[in-house]
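For reference, the structure is listed below as C-alpha cells.
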Number of protein chains: 2
Amino acid sequence: MCGTDDGRVTSDSQIALTRLAGLLADGTRAAFCLALLDGRAWTAGELARHAGVAPSTASEHLSRLVAGGVLAEEHQGRHRYIRLADPAVAQLIEDMAAHDPPAASPPGTLRVAGARRALAFARTCYDHIAGRLGVAIADALSSRGLLERRAGFAFTEAGTAWLDDVLGGLPGVTGRRPLARQCLDWTERRPHLAGAAGAALCRHALDQGWVTRIGSGRALAVGPAGAEAFSRLLDIDAAALRLSLDGGGA
Amino acid sequence: MCGTDDGRVTSDSQIALTRLAGLLADGTRAAFCLALLDGRAWTAGELARHAGVAPSTASEHLSRLVAGGVLAEEHQGRHRYIRLADPAVAQLIEDMAAHDPPAASPPGTLRVAGARRALAFARTCYDHIAGRLGVAIADALSSRGLLERRAGFAFTEAGTAWLDDVLGGLPGVTGRRPLARQCLDWTERRPHLAGAAGAALCRHALDQGWVTRIGSGRALAVGPAGAEAFSRLLDIDAAALRLSLDGGGA
DNA sequence: GCGACACTTCGGCGACGGCCGCAATGTGCG
DNA sequence: CGCACATTGCGGCCGTCGCCGAAGTGTCGC
C-alpha cells in the first residue's frame with residue numbers, strides 16, 4: 001500500500017519469501033523436511049508416522065510442500081515416495097535449522113553439518129546402501145561386468161554368480177520386487193543399487209559387521225572388516241572414499 | 001510420538017526451523033526484512049508506513065523479529081532503529097526470496113544479487129551516503145585530519161573549513177541534530193559520516209551529479225563527475241573501490 | 001513545563017490453517 | 001476376483017495469529 005520504496009521487486013520477493021517460509025513454519029511440515037534431510041525418499045505413510053499425525057494430514061502437507069517446490073514426489077505403485085526437491089532446498093533448510101535464536105541452543109548446533117557429512121559418505125536408503133559408498137558399489141559392479149545398465153539395473157550371469165557367492169545364496173525374488181533396481185541419490189546424483197539384491201547386500205553388510213549404523217539414524221560407518229571386504233570383493237577403498245569426502249566437502 | 005528416527009537432534013532443529021520460518025511467514029514481517037536488505041537501519045515508523053500497517057502492529061512484529069534473532073534494534077532518543085541482525089540472516093533471506101516455486105517467476109530473479117552488490121558499494125542511509133563509498137569518505141576525512149573520532153565523529157577546525165569550502169556554506173545546525181554523527185554500516189561494519197554534515201554532503205553530491213540514484217531504491221551510482229570530485233577533494237578512487245568489490249565479493 | 005511525536009501495551013475481533021475421522025480411490029497380492 | 005493397504009478428498013472443529021484502535025510511557029524541542 002505504501003511501499004513506493006522498492007516497488008515491484010520487493011513485492012515479488014515478498015510473495016516468494018512468505019510462501020516458502022509459510023511452508024516451513026509448521027511443525028509437521030518441518031519434521032518432514034528434516035527427516036528427508038537424510039537423503040532418503042520416504043513414503044507418505046512413513047512420514048506421517050514419523051511426525052505423529054494422521055495419514056490424511058500428512059497427505060495434505062506433502063501436497064503443499066510438493067506444490068511449493070520444497071519436495072518432489074514419485075509415485076510407485078500404491079506408494080508415494082517423497083524426497084527433497086533439490087540440494088539447494090536441503091541447504092536452505094539446514095541453514096535455517098542452524099540459525100540460532102539469540103539466547104538459546106547451547107549444545108548440538110554443529111551436529112547437523114557433521115551428520116550430513118556422514119550421510120554423504122554412506123547411509124541406508126529404504127533398506128539398501130546409498131551415499132558415496134552405495135554409488136561406488138554400483139560403479140564397481142558395473143565396471144566388473146557384474147551389473148548392466150539397461151532400463152534400470154540388471155545383473156549379468158557373472159553378477160548373479162557373484163551375488164550368490166558373496167551372500168551365500170540368492171535373495172528370494174518372492175514378490176514383484178526386482179532383483180536389481182536403480183535408485184537415484186540426492187547427494188551424489190548418481191544411481192546406486194536398490195531392489196532385492198541391494199537390500200540383501202545391505203543386510204549382509206550389517207550382519208557381517210562391514211557397516212554399522214551410526215546412532216539411531218540412517219548414517220552408516222564402515223568398519224575394518226568392511227574396508228577389507230569391499231576392497232577384496234569390489235576393489236573399493238572405503239578409506240579413500242571417506243578421505244576424498246573430507247577433503248572435498250568441507 | 002513416533003519419531004525414534006533422528007531423535008533429539010531433529011527435535012531441536014525442528015523447533016529452530018519452525019521458529020525462524022514462522023517469523024518470515026508473515027507478509028508484513030517479510031516486507032520488513034526485505035526492506036532492511038538495503039542495509040539501512042529503518043525506524044519502526046518507517047517500516048510501518050512501508051508495509052502499510054498501524055504502528056502498533058509494526059511494533060509487535062518488530063519485537064518478535066528482534067527476539068527471534070532476525071533483526072537487531074538500537075534505541076536512539078524516541079526512535080527505534082532496526083536493522084538486520086547479521087549478514088548471515090541477510091543471506092538467508094535473500095536465498096529464500098530467490099527460491100522459485102516450480103512454475104513461477106520467469107523474470108527478475110537474479111536482480112537481488114546484483115542489487116545487493118550495488119548497495120554494498122554505495123547507497124543512501126537515511127539521508128547520507130553509506131556503503132563502501134560512505135566508509136571511504138569517513139576514512140579519508142579522518143586521515144586528512146578533518147574529522148576526529150571522539151565519542152562519535154567531530155569535525156576539526158580544518159574540517160569545518162573544508163566543509164564550508166566544498167558545500168559553499170556550512171549546514172545549519174538548527175535542531176539538536178549534531179553536525180557530525182557516526183553511523184554503523186551493516187555491510188561494512190565500519191562507521192560512516194552521518195548527521196547534518198553527512199546529509200548536506202549527500203544532498204550536495206546528488207545535486208552536483210556526483211552520485212545518482214539507481215532506480216527507486218537506495219543504491220547510488222558514482223558518475224564521472226563524482227569520480228573526479230571524490231578524487232580531487234578526498235583522494236578517493238571510486239573506480240578502484242567498485243573494482244575491489246567486484247573482485248572480492250563475487 | 002507543555003504539546004508534539006515515536007513507540008508500546010492491551011483487549012477484542014475476524015480469518016486463516018492444522019487437525020481429525022470417515023468415505024472413496026487405486027494398487028499389490030493371493 | 002476379492003481382501004488388504006497406502007493414499008486422498010471432504011466437512012467440521014478449534015486454536016492461533018494478524019489486525020486495529022485506544023490508552024499509556026518516554027523523548028524532543030520550544
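Each chain gets a letter, A, B and so on, in the order the sequences are listed, and its residues count up from 1.
- The residue among B:Gly45 and A:Arg29 whose nearest nucleotide of DNA chain C lies closer to the 5′ end is B:Gly45.
- B:Thr156 has its side chain out of reach of B:Leu147: every pair of non-hydrogen atoms, C-beta onward, lies at least 4.5 Å apart.
- The shortest non-hydrogen separation linking A:Leu206 to A:Val211 is CD2-O, 3.5 Å.
- We find that CG of A:Asp26 is positioned 12 Å from C1' of D:dT16, with the value rounded to whole Å.
- In this structure, of C:dG21, D:dC20, D:dT7, it is D:dT7 that holds the atom nearest to the side chain of A:Thr43.
- Interface remark: the A:Ser59 side chain does not form any donor-acceptor pair with the D:dG9 base, using a distance-only criterion of under 3.5 Å.
- B:Arg78 contributes no side-chain N or O that forms a donor-acceptor pair with the base of C:dC7 under 3.5 Å.
- Side-chain atoms of B:Arg29 come within 3.5 Å of backbone atoms of B:Leu23 as a donor-acceptor pair (strictly under, hydrogens ignored).
- For A:Arg64 and C:dG17, the CZ to C1' distance is 7 Å, given to the nearest whole Å.
- Minimum heavy-atom separation, B:Ala35 to B:Trp42: O-NE1, 3.5 Å.
- Out of D:dT27, C:dT8, C:dC20, the shortest distance to the side chain of B:Ala44 is found at C:dT8.
- Between B:Leu71 atom CG and C:dC7 atom C1' there is a gap of 16 Å when expressed in whole angstrom units.
- The distance between atom NE2 of B:His75 and atom C1' of D:dT27, rounded to the nearest whole Å, is 12 Å.
- Atom CG of A:Leu201 is separated from atom CG of A:Leu141 by 7.5 Å, given to the nearest 0.5 angstrom.
- Look at NE2 on B:His79: it is 13 Å from P on D:dT27, rounded to the nearest Å.
- The interatomic distance linking B:Arg19 (CZ) with D:dT16 (P) rounds to 19 Å, in whole Å.
- For A:Thr28 against C:dG18, a side-chain-to-base donor-acceptor contact under 3.5 Å is absent.
- One atom, CD of B:Glu60, and another, C1' of D:dC19, lie 9 Å apart when rounded to the nearest Å.
- Rounded to whole angstrom, the span from the CG atom of A:Leu24 across to the C1' atom of C:dG18 amounts to 16 Å.
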